[in-house]
Amino acid sequence: MRMTAIISEYNPFHNGHLYQAKVARQETDADLIVAIMSGTFTQRGEPAFTDKWTRAQAAVASGEIDLVLELPFYFAVQRADRFALGGVTIAETIGAESLSFGSECGQLAPFIHAAAENHEASPRYQEMVQQGLARGLSSATAASQAFREMTTILDLTTPNNTLGYYYARAASTITLHTTKRIGSGYHDLSTGDIMSATAIRAYYANHHSLIGLPKLTAETLQNAVFASFESYYPFIRHRLLTTSLDDLTQFNGIDSSLAPRLIEGARRNETFDDFMTAVKTRRYTRTSLQRVLIYLLTSTMANEMDDVAFDRIDYVRPLAFNDKGRMALREIKQRIPVISTFEKHPWLIKESQVTAAYAVPLARYDILEEHRRFAHFSGNASK
């Protein structure tokens, strides 16, 4: 079977995702579309809109996604280059011929050329990044500004272009394909037939109604429980105020300068938004802080993350699939172990801890027991 992979979050799966999957299937001549999807927390360090099992089922319900594989936590809640490398590693390991991604650019050549230039390895690039950091910029902003100074081929100030660039950097055996993003931009909160996931979540927060989704996807999400960071702040605040300064710096991403700032922010602020306003700076952006807070919430230590190799994976885990997806899993099993039931793999034990961290603030005790959850099958069981 000819597989095309899409590295995704589907937070939630919307009409723009449906459009991308349709175009990818047509233009890559794919027999099957496999989504490699983040689990309970996203790349930008936010609790997913709803749990991974429901989001995966909703994606398959759209009729355009045939198989959803889990992007492990260690790969998912990461800066763009590591997120991309982890996703591409899975796509190439399972034998996908193509990787499709949405982009603001919409043309593949700029990504290929920019990746080939490899500016990040040049002394001039490194010098400009260091200059940006010295001015108090975040590492991501310093990097994007340095890149912009060295090339006009590709704009890396937009989120999908940035991920596309790192997909191109990571790709080895897989063919790349991009679809121009249509409708609302990533941060655009306007409503319409094709909206950003951010806009869909914001609309739900204000109106308690889901719009901008394929019909069957919306039906799947109808009874879901939806998360927001505010539900997690009491747990984060408790940990910040009951953990010693030395112990706090053992968590991934928390250094000796950030730790006291987080503690003081937690001491003075009763809401999550007030806390973030007090703590964030040009150096500590909202996104980087959110990732740090997720690491804190999930007890992810710095030495634990240091052991992660983002270019290797020794299993894949299905979250949802249809008949085509089930056939594809038979082929994938010839390349890499497919873990459909819970096993004592270190990364699955971590996923269980991460799921608990996600579920408890929502009082979702039904999804606490990760080992009792199985991939959702949407198809003919007699085949």
For the student: nearest non-hydrogen atoms of A115 and A168, plus distance:
CB-CB, 3.7 Å

Counting C-beta onward and ignoring hydrogens, is there a side-chain heavy-atom pair between S196 and R181 closer than 4.5 Å?
yes

Side chain of N206, backbone of A202: donor and acceptor closer than 3.5 Å?
yes

Please tell me if the side chains of H177 and V23 come closer than 4.5 Å, counting only heavy atoms from C-beta onward.
yes

ILVMFWY network linking F13 to L69, side-chain heavy atoms under 4.5 angstrom:
no

Would you indicate whether R2, at its atom CZ, is surrounded by more than 12 heavy atoms from other residues, nucleotides or ligands within a distance under 6.0 Å?
yes

What orientation do H345 and Y315 show, parallel under 30°, tilted 30 to 60°, or perpendicular over 60°?
tilted

Just by distance, do the side chain of Q43 and the backbone of A76 share a donor-acceptor pair under 3.5 Å?
no

In the structure I gave you, are the side-chain heavy atoms of E230 and T271 within less than 4.5 Å of one another anywhere?
yes

Is it true that D273 and R286 have a side-chain N and a carboxylate O under 4.0 angstrom from each other?
yes

Quiz question: by atom type and distance under 3.5 Å, do the side chains of Y295 and R291 form a donor-acceptor pair?
no

Could you pull out all residues at least two apart from S62 that satisfy side chain to side chain donor-acceptor pair (under 3.5 Å)?
none

Got a donor-acceptor contact below 3.5 angstrom from the R25 side chain to the E64 backbone?
yes

Do the rings of Y232 and Y358 sit parallel, tilted or perpendicular, given the 30° and 60° boundaries?
tilted

Those residues at least two apart in sequence (or on a different chain) that pass side chain to side chain contact (heavy atoms under 4.5 Å, CB included) with S340 are P318, V338

Validation row: T40, P47 side chains within 4.5 angstrom (heavy atoms)
no

When you measure from the side chain of N11 to the backbone of F49, do you find a donor-acceptor pair of N or O atoms at a distance under 3.5 Å?
yes

Answer yes or no: are there more than 12 heavy-atom neighbours, outside H238 itself, under 6.0 Å from its atom NE2?
no

Are Y204 and Y10 connected into the same hydrophobic cluster when the rule is that any two of I, L, V, M, F, W, Y join if their side-chain heavy atoms are below 4.5 Å apart?
no

Would you mind checking if R283 and D255 are paired as a salt bridge, meaning a charged N to carboxylate O distance below 4.0 Å?
yes

Run the numbers on R317 and E351 for salt bridge (Lys or Arg N to Asp or Glu O under 4.0 Å), then give the verdict.
CA-CA 11 Å; R317 185 188 194 195; E351 296 295 343; 5.4 Å; no

Just wondering, are more than 12 heavy atoms of other shown residues or ligands nearer than 6.0 Å to CD in Q107?
no

V316-I33 co-clustered via ILVMFWY side chain contacts under 4.5 Å
no

State whether E9 and R44 are salt-bridged, where the test is any N-O pair (Lys NZ or Arg NE/NH1/NH2 against Asp/Glu carboxylate O) under 4.0 Å.
no

Heavy atoms, side chains only, cut-off 4.5 Å: are L71 and M37 in contact?
no

Ion pair R261/E264, N-O distance below 4.0 Å:
no

Could you tell me whether the side chains of S299 and R239 share a donor-acceptor contact shorter than 3.5 Å?
yes

Donor-acceptor contact below 3.5 Å, side chain S288 vs main chain T285
yes

Give the cluster check for Y19 versus V68: same hydrophobic cluster or not, with ILVMFWY residues linked at side-chain heavy-atom distances below 4.5 Å.
no

Tell me whether L241 is reachable from L262 by hopping between hydrophobic residues (I, L, V, M, F, W, Y) whose side-chain heavy atoms are closer than 4.5 Å.
yes

Would you mind reporting whether L293 and F275 have side-chain heavy atoms less than 4.5 Å apart?
yes

Does atom CG of N223 have more than 12 heavy-atom neighbours from other groups under 6.0 Å away?
no

Are the side chains of F229 and I236 in touch, meaning some heavy atoms are under 4.5 Å apart?
yes

With a 4.5 Å cut-off on side-chain heavy atoms, are V225 and T54 touching?
no

For the backbone of T173 and the side chain of E92, can you confirm whether one donor and one acceptor N or O come within less than 3.5 Å of each other?
yes

Taking atom types as modelled, find out whether T300 and T298 have a side-chain donor-acceptor pair closer than 3.5 angstrom.
yes

Quick check: does any side chain N or O of S352 sit under 3.5 Å from a backbone N or O of L348, one acting as donor and the other as acceptor?
no

Can you check whether F321's main-chain N or O pairs, donor with acceptor, with R326's side chain at less than 3.5 Å?
no

Side-chain donor or acceptor of N15 paired with backbone N/O of G212 under 3.5 Å
yes

Side chain to side chain contact (heavy atoms under 4.5 Å, CB included) with S144: which residues, sequence neighbours excluded?
none

How about F75 and F83: are their ring centres within less than 6.0 Å of each other?
no

Rounded at 0.5 Å granularity, tell me how far OG in S103 sits from CG in D155.
11.0 Å

